[in-house]
**Student:** 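Shown below is the structure under consideration.
We name chains A, B, ... by the order of the sequence lines, and we start the count at 1 in each one.
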There are 2 protein chains.
Amino acid sequence: MTDAVEAGPSRPVGRPPRPGLPGGSGLTSSKARRAAPGGGETVTGRVFTILEAFDHDHTALTLTEIARAASLPVSTAHRLVGELAGWGALERGTDGAYRIGLRLWEVGSLAPRSVGLRERAMPYLEDLYEATRQNVQLAVRDGHEGVYVERLAHPEAVRLLSRIGGRWPLHGTGVGQVLLAFAPPAVQEAVLAAPLTSFTARTVTDPTVLRRTLAGIRRDGVAVCDGMIDLASLSVAAPVRGESDGVVAAISVVVPSPSSPGGIEPRTLVPAVRAAARGISRALGAPTAHRTQRPVR
Amino acid sequence: MTDAVEAGPSRPVGRPPRPGLPGGSGLTSSKARRAAPGGGETVTGRVFTILEAFDHDHTALTLTEIARAASLPVSTAHRLVGELAGWGALERGTDGAYRIGLRLWEVGSLAPRSVGLRERAMPYLEDLYEATRQNVQLAVRDGHEGVYVERLAHPEAVRLLSRIGGRWPLHGTGVGQVLLAFAPPAVQEAVLAAPLTSFTARTVTDPTVLRRTLAGIRRDGVAVCDGMIDLASLSVAAPVRGESDGVVAAISVVVPSPSSPGGIEPRTLVPAVRAAARGISRALGAPTAHRTQRPVR
DNA sequence: AGGCTGGCTTCCGTCCACCGGAAGCAGAGG
DNA sequence: CCTCTGCTTCCGGTGGACGGAAGCCAGCCT
């Protein structure tokens, strides 16, 4: 009769399991815990499940919604949510709904790869933004996805799908391709091996083509990505290097695609993006950023 | 988006002191409470204590440092930290030290009062920044403190002590005074009743003076705060209103104090700051922001 | 070498904090 | 009135968390 797939009800707000983060020490519990009918196994796990109930499309949830999303009994959710709210990780509005609290954001802003990076990059992003008056983005890699750390958008610029704190697969965006091109080989292979989801007719989905594209990015130090997420927009991206000279982030400018009305010829943007990326790299202490750039032919 | 989130009572670290104490059958009296040697009482509490070990001056901590800061046995800290790192709330560097993880920042960026607010305010802050090329700040109130949500700083501008995600008492900063002036009476009274810490010779420490200052801010819709945190800098701040017309945030421009070399006459900044605040209020849906402003005398 | 220190990790028996069903409560709707 | 939905409180039973102890690994001193 009913499809008794899982004990837990359909998970409306759930999120796909995280892509395996490589390089794990023995942190995986490996205890082969029980079939996990409920949400998390440990208290901490349940708390995480509760936090995961929130996303960009669900910034305010009632207690029951949280309980449902986290597959927890209401009374359990109530207790945990109460504690979260008591500390400030969640806030309860006058409407009774819970939202992510300022306190949690406050702690999160201590993450070196987010606000720390952003702070150093900001002046250069500003300049880049002034030069184009379009969209400027800063992203880092987490696992097999790119996470947008900063975004400056002119109200009248091309509408973007990305959001601060949002994630996108690496193969479809300018910054993503850059991050992928300079990622550890293991990550590259894993991404190339998995099916490449398509967003528009122009998205690269062929691993061979992507591999060639990545090689080109490594050679040029720039990625130009036209209409892969949204046919109307084009992005020019460049890598940002850190102290150890590894690529720690990527920046991009997103403008209307040249095939669209009001489109811009990407070649004109390359020098500015490259210069900004180099500036940030220098600010981060990247050794090679001080050397003179080989002329662009 | 709504601004229905009301700032909870200032609850810096505390937790409800064990709601229990159900009368009637006295449960095990010996329960009283262990001398509370550990950090928190509940697992969740301990996790919070661990997160609290991190701050702007300690963004990277080793396991033992965390354990010490959270007053937890190393083995307990090890287990909890392991789980936190497994989820992504913490990240472990190659040096073995733990840092706040990108995942935590990601969730934190869903807080309506931080990134949500920031996104809508950004264009106006940009303009304000362009106009002055100094420092522009955006802050909200949390309890009895102001939390800086955004800060645009020119590398050559006056050095500020504030940081994104940082907290400052309300009475000493421009944005703080604005937030306090429009805070619920209970909050105002509480702040006025408590001793007002002094940062420079110019900090207001007399409740009577502060009360008068707040009244002036409510009247003018602007605060001018000269040298109260740092003798060399002056800030001009204005309130930002939300949907329900309540003050939800404050913005400010910080420039060199007129008494310092290169100082700027604050009066010239007032219109720009007021206009930006009004623009943000309108973007947030504040009803009164659409009315014409009464001319500035 | 050997001993020592300081930090990290694993193990496992004890015990108490967490769990969650059930009941009570408040508000909206019929 | 009753019903329904969602939130809150209560409390007995138990399984997960606790943390001391021991093992491990580097680095450092003698």
**Student:** By nearest atom, which of the nucleotides D:dG20, C:dT9, D:dT8 is closest to the B:Ser75 side chain?
**Tutor:**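 Ranking D:dG20, C:dT9, D:dT8 by closest atom to the B:Ser75 side chain puts D:dG20 first.
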
**Student:** Among C:dC8, D:dA17, C:dC18, which is the nearest nucleotide to the side chain of B:Thr42?
**Tutor:** C:dC18

**Student:** Give a yes or no answer on whether the side chain of A:His171 reaches the backbone of A:Thr197 with a donor-acceptor pair at less than 3.5 Å.
**Tutor:**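 Indeed, once roles are kept as given, a pair shorter than 3.5 Å links the two residues.
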
**Student:** Could you tell me if A:Arg141 sits above the aromatic ring of A:Phe182, with its cationic atom closer than 6.0 Å to the ring centre and no more than 45 degrees from the axis?
**Tutor:**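 So A:Arg141 doesn't make the cation-pi contact.
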
**Student:** Would you kindly give the CG-to-C1' distance between B:Leu80 and C:dC8, to the nearest whole Å?
**Tutor:** 15 Å

**Student:** Tell me the interatomic distance from A:Ile66, atom CD1, to D:dC7, atom C1', rounded to whole angstroms.
**Tutor:**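 Rounding to the nearest Å, CD1 of A:Ile66 and C1' of D:dC7 are 12 Å apart.
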
**Student:** Mind calculating the distance between CZ (A:Arg79) and P (C:dG20) to the nearest angstrom?
**Tutor:** 8 Å

**Student:** Looking only at the side chain of B:His78 (C-beta and beyond, no hydrogens), which of the listed nucleotides D:dT8, C:dG7, C:dT9 gets closest?
**Tutor:**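 Shortest atom-to-atom distance from the side chain points to C:dT9.
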
**Student:** Send over the distance from B:Ile50 CD1 to D:dC18 C1', rounded to a whole Å.
**Tutor:**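 Nearest whole value for this atom pair: 13 Å.
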
**Student:** With a 4.5 Å heavy-atom cut-off, do B:Glu91 and A:Arg113 have their side chains touching?
**Tutor:** yes

**Student:** Between D:dC18, C:dC19, C:dG21, which nucleotide has the shortest distance from any of its atoms to the side chain of B:Val43?
**Tutor:**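 Closest of the options to the side chain of B:Val43: D:dC18.
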
**Student:** In whole angstroms, how far is the P atom of D:dG6 from the OH atom of A:Tyr98?
**Tutor:** 14 Å

**Student:** What nucleotide among C:dC19, D:dC18, C:dC8 has an atom nearest to a side-chain atom of B:Thr64?
**Tutor:** C:dC8

**Student:** Quick check on D:dC7: is either OP1 or OP2 less than 4.0 Å from any side-chain nitrogen or oxygen of A:Thr62?
**Tutor:**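 A:Thr62 to D:dC7 OP1/OP2: side-chain N or O found under 4.0 Å.
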
**Student:** Below 4.5 Å, heavy atoms only, C-beta onward: do B:Leu90 and B:Phe54 meet side chain to side chain?
**Tutor:**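 B:Leu90 vs B:Phe54: side chains touch.
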
**Student:** Figure out the CG/P separation between A:Leu61 and D:dC7, and round it to whole Å.
**Tutor:**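 So the CG-P distance, A:Leu61 to D:dC7, works out to 11 Å.
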
**Student:** Side chain of A:Val74, heavy atoms from C-beta onward: which of C:dG7, D:dT8, D:dA17 has the nearest atom to it?
**Tutor:** D:dT8

**Student:** Can you tell me if A:Arg46 touches the phosphate of C:dG20, counting only side-chain N or O atoms and a distance under 4.0 Å to OP1 or OP2?
**Tutor:**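 Yes, A:Arg46 has a side-chain N/O under 4.0 Å of OP1/OP2 on C:dG20.
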
**Student:** For the pair B:Arg163 and B:Asp57, find out whether any cationic side-chain nitrogen is under 4.0 Å from an anionic carboxylate oxygen.
**Tutor:** yes

**Student:** Expressed as a whole number of angstroms, how long is the span from A:Glu65:CD to D:dT5:P?
**Tutor:** 15 Å

**Student:** Figure out the CG/C1' separation between B:Leu90 and C:dC8, and round it to whole Å.
**Tutor:** 16 Å

**Student:** If you check every side-chain atom of B:Leu63, which of D:dT8, C:dC8, C:dG20 has the closest atom?
**Tutor:** C:dC8

